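Every chain is numbered from 1, with letters handed out A, B, ... down the list of sequences. What you see is a predicted model, and the numbers here were worked out from it, not measured in a lab.
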Protein chains: 2
Amino acid sequence: MKPMKISEAVVRRLPVYLQVLNDLHMRDVQTVSSQELGNRLDLNPAQIRKDLAYFGDFGRKGIGYDVTYLIEKIKQILKLDQPLNVALVGAGNLGRALCNYNMYLKDNMKITAVFDVHPSMIGTSINGLTVLPMEKLAETIRELRIRIGIITVPAVEAQNVADQFVEAGVDGILNFAPTILRLQDQVRIHYANFTTELMSLAYYLNEEEENDDESDLD
Amino acid sequence: MKPMKISEAVVRRLPVYLQVLNDLHMRDVQTVSSQELGNRLDLNPAQIRKDLAYFGDFGRKGIGYDVTYLIEKIKQILKLDQPLNVALVGAGNLGRALCNYNMYLKDNMKITAVFDVHPSMIGTSINGLTVLPMEKLAETIRELRIRIGIITVPAVEAQNVADQFVEAGVDGILNFAPTILRLQDQVRIHYANFTTELMSLAYYLNEEEENDDESDLD
DNA sequence: TAGATTGTTAATCGATTAACAATC
DNA sequence: TAGATTGTTAATCGATTAACAATC
């Protein structure tokens with residue numbers, strides 16, 4: 001393995017490639033070219049070839065990429081060929097939705113523990129998992145070798161939960177709360193914020209509206 | 001207004017700035033420097049100044065940025081100073097979670113209509129909204145001047161829902177389903193995919209694991 | 001004033017795209 | 001073979017960062 005530093009942009013595209021490849025696989029497509037992948041994803045074929053070439057020679061000149069093989073390879077790169085246990089704190093609406101999403105996570109990723117602070121929540125069952133009290137967090141994370149923590153609590157509690165996750169030895173956090181977390185650098189944080197996403201989408205819409213403004217008909 | 005093209009990276013950072021600024025505002029902080037914002041967000045201060053300067057001279061030399069004023073300005077840029085109506089299709093777990101999230105959306109963005117295909121869902125109430133049948137989609141979107149559609153249906157139905165949204169005149173889509181949509185270019189699509197996010201996070205975790213393996217230096 | 005900090009230009013860095021030899 | 005398509009190098013494009021005059 002070359003010790004090359006892969007840019008974040010490349011890493012973020014890999015799961016998207018996987019998504020399309022899984023779709024092609026379902027349709028019994030055997031082989032796909034970078035051209036075809038580029039069409040589907042609105043990406044430059046050269047970029048796709050380059051992204052993949054960082055990790056190995058997965059294609060065949062004159063032929064393209066074998067769909068099944070490439071799926072396997074990308075899964076290896078993302079280490080989805082081994083189980084990845086995930087914990088979630090915050091069994092509210094969003095938390096429960098993500099737990100039930102588990103079906104999609106056939107890729108060895110699995111939410112294996114759910115926690116909440118509210119006594120009324122504790123002991124209830126979500127998609128086969130029993131909601132545990134926060135006191136059990138550290139212990140459970142160690143026992144189940146959980147490596148990623150998902151935060152679906154209100155903004156004010158997010159930092160506190162993140163600290164507890166780090167303390168318990170998690171090394172990645174996916175934060176759905178609208179808060180910027182302050183943590184040691186060695187813990188990787190990804191943000192998944194609905195509001196942020198909508199806001200940037202709104203920016204583009206409203207550019208269009210400026211065109212409409214003049215023709216005020218009623 | 002200069003007709004300058006703003007890069008997507010810049011636009012995506014604006015809501016994040018807003019998030020920090022709102023937090024500072026809550027804490028009664030009057031003024032903030034690009035330095036301070038950079039600290040909080042792990043961004044280069046020059047980048048923040050440059051981002052903001054695309055849209056106007058919001059700061060004061062020697063002083064910094066007035067928090068309240070900058071919040072107002074960024075909201076204007078994102079056009080959050082006017083109401084933005086949003087529709088959601090798919091009143092499952094995730095859809096309901098997002099509807100209830102509405103509290104966070106004090107920024108003039110609001111889910112104002114919810115739809116579902118399942119007869120058992122139709123007529124039920126979510127956060128004050130009555131779930132409507134798909135037949136009502138086009139009509140409702142026009143009447144309420146809805147500009148953004150959120151998709152929270154299973155993967156296989158996503159393309160169909162997207163087509164209906166576009167047909168009804170929506171000009172932006174936020175897709176939570178794990179599917180790449182094919183639409184006309186004039187409609188802007190953002191993806192918010194839980195699984196994709198987890199996968200890219202997983203990539204980085206596992207790099208760390210490889211580092212732990214070898215404790216030898218030369 | 002003196003120190004701080006912006007807005008902006010110039011320098012650097014990195015990512016995307018084009019082009020093409022290798023080869024299936 | 002002839003056409004197709006990769007992997008990769010070189011060219012281009014764009015984004016980030018450094019530096020500093022302007023000025024509060």
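- Rounded to an integer number of Å, the gap from CZ of B:Arg60 to P of C:dT8 is 17 Å.
- When rounded to the nearest whole Å, the span between OH of B:Tyr69 and P of C:dT6 equals 15 Å.
- Note that CG of A:Asp66 is 8.5 Å distant from CZ of A:Arg60, once rounded to the nearest 0.5 Å.
- The CG atom of A:Asp57 sits 18 Å away from the P atom of D:dT5 (whole-angstrom rounding).
- Looking only at distances, a side-chain donor or acceptor of A:Arg96 sits under 3.5 Å from a matching main-chain atom of A:Ala91.
- Between D:dT5 and A:Ser34, no contact under 4.0 Å exists linking OP1 or OP2 to a side-chain N or O.
- Base-pair partner of D:dT12: C:dA15 (Watson-Crick or G-U wobble, both distances under 3.5 Å).
- Checking C:dA15, C:dT6, D:dT6 against every side-chain atom of A:Lys61, the shortest atom distance belongs to D:dT6.
- For the OP1/OP2 pair of C:dA4 and a distance below 4.0 Å, the side-chain nitrogens and oxygens of B:Tyr65 include no atom meeting the criterion.
- Summarising the geometry, the separation between CG on A:Asp66 and C1' on D:dT5 is reported as 15 Å, rounded to the nearest angstrom.
- Atom pair A:Tyr54:OH and D:dT8:P shows a separation of 11 Å (rounding to whole Å applied).
- Using a cut-off of 4.0 Å between Lys/Arg side-chain N and Asp/Glu carboxylate O, B:Arg147 and B:Asp171 are scored as salt-bridged.
- Comparing A:Ile63 and A:Lys50, the nucleotide of DNA chain D nearest to each residue sits closer to the 5' end for A:Ile63.
- A 3.5 Å limit on both hydrogen-bonding distances identifies C:dG7 as the Watson-Crick or G-U partner of D:dC20.
- A side-chain N or O of A:Asp51 and one of A:Tyr17 form a donor-acceptor pair less than 3.5 Å apart.
- In this structure, B:Arg12 atom CZ and D:dT16 atom P are separated by 13 Å, rounded to whole Å.
- Heavy atoms only, all atoms of each residue included: B:Arg40 and A:Arg182 are closest at O-NH1, 3.4 Å.
- Both B:Leu52 and A:Ala9 sit near DNA chain C, but only B:Leu52 has its closest nucleotide nearer the 5' end.
- Of the listed nucleotides (C:dG7, C:dT16, D:dT16), D:dT16 has the atom at the smallest distance from the side chain of B:Gln47.
- When the nucleotides D:dG7, C:dT6, C:dA18 are ranked by their closest atom to the side chain of A:Ala46, C:dA18 comes out on top.
- We find that CD of B:Gln35 is positioned 9 Å from P of C:dT6, with the value rounded to whole Å.
- Among D:dT17, D:dG7, C:dA18, the nucleotide with an atom closest to any side-chain atom of B:Asn44 is D:dT17.
- What separates CD1 of A:Ile48 from C1' of C:dA15 is a distance of 15 Å, to the nearest Å.
- Checking D:dT6, D:dA15, D:dT16 against every side-chain atom of A:Arg49, the shortest atom distance belongs to D:dT6.
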